[in-house]
Amino acid sequence: MEKRPPLPMTQLDMLVGSEELQMMKLMLSYIPSAYRGMLAIYIKFTEFQNTLKLFGGFGYKPGSEIIKSKDIHSPSDILEDLRPFMSPGDMESLDMLINAMNMMDMMKGMDMSDLSGFGGTGEMSDMMNMFNNIVKGNQDDE
């Protein structure tokens, strides 16, 4: 079985966890099995308590900024942040998706009127129009 590197910690994990809790998690496999469940429940309950304290319990005010906001300039910004949490196979799929999105953006930015004389017969323009019709057809199906 392929060994995966440990997942990085998210902002929330860092805010509600501690070094002590992380050490307890690492020690779970070394303590007798009869005590593992109770220790795991203790760890998760402590993280839950820390979460309640962090967000002020049920009286949390949505305007308060505990977890840092990020600017989103494009959908690929979000996808890039997900990358460290993905398996290698999922990363390949993500790369293909990002490349397809980039190609679509490039095609949208192209000036099709400049291509009408390509090859003297407008084949490039015809091909691009056909591609656009296919894309529009797929959007209509959704």
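Numbering of residues begins at 1 and proceeds along the displayed sequence.
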Correct closest heavy-atom pair for Leu21 and Val16 would be CD1-O, 4.2 Å
Less than 3.5 Å apart, any donor N or O on the side chain of Thr10 or Asp13 sitting next to an acceptor on the other?
yes
Should Leu82 and Leu94 count as side-chain neighbours, where that means a heavy-atom distance under 4.5 Å?
no
For the CD atom of Glu47 and the CG atom of Leu54, what is their distance to the nearest 0.5 Å?
12.5 Å
Output the distance between atom CG (Leu97) and atom CG (Asn102), rounded to the nearest 0.5 Å.
9.5 Å
From Ile43 atom CD1 to Gln22 atom CD, the distance as rounded to the nearest 0.5 Å
9.0 Å
Could you give all pairs that pass the salt bridge (Lys or Arg N to Asp or Glu O under 4.0 Å) test and reach residues 71-83, with sequence neighbours left out?
Lys70-Asp81, Glu80-Arg83, Arg83-Asp95
With clusters built from Ile, Leu, Val, Met, Phe, Trp and Tyr whose side-chain heavy atoms come within less than 4.5 Å, directly or transitively, what are the remaining members of the cluster of Met38, listed by chain and number?
none
Rounded to the nearest 0.5 Å, what separates atom CE in Met106 from atom CG in Asn99?
10.0 Å
Considering all heavy atoms of both residues, which atom of Lys44 and which atom of Lys25 are nearest to each other, and what is their separation?
NZ-NZ, 4.0 Å
Go through Leu52 and Gln49 one step at a time and tell me if the side chain to side chain contact (heavy atoms under 4.5 Å, CB included) criterion holds.
CA-CA 5 Å; Leu52 287 175; Gln49 284 180 315; 5.7 Å; no
CZ (Phe45) and CG (Asn50) are apart, to the nearest 0.5 Å, by 10.5 Å
Which residues share a side-chain contact (heavy atoms from CB on, under 4.5 Å) with Pro8, sequence neighbours left out
Pro84, Phe85
Do Arg36 and Leu39 have side chains that approach each other closer than 4.5 Å (heavy atoms only, starting at C-beta)?
no
Starting from Met86, can I reach Leu79 by hopping between I/L/V/M/F/W/Y residues whose side chains sit under 4.5 Å apart?
yes
Would a single hydrophobic cluster contain both Met9 and Leu12, if residues Ile, Leu, Val, Met, Phe, Trp and Tyr are joined by side-chain heavy-atom contacts under 4.5 Å?
no
Any chain of hydrophobic side-chain contacts (each under 4.5 Å) joining Met27 to Tyr42?
no
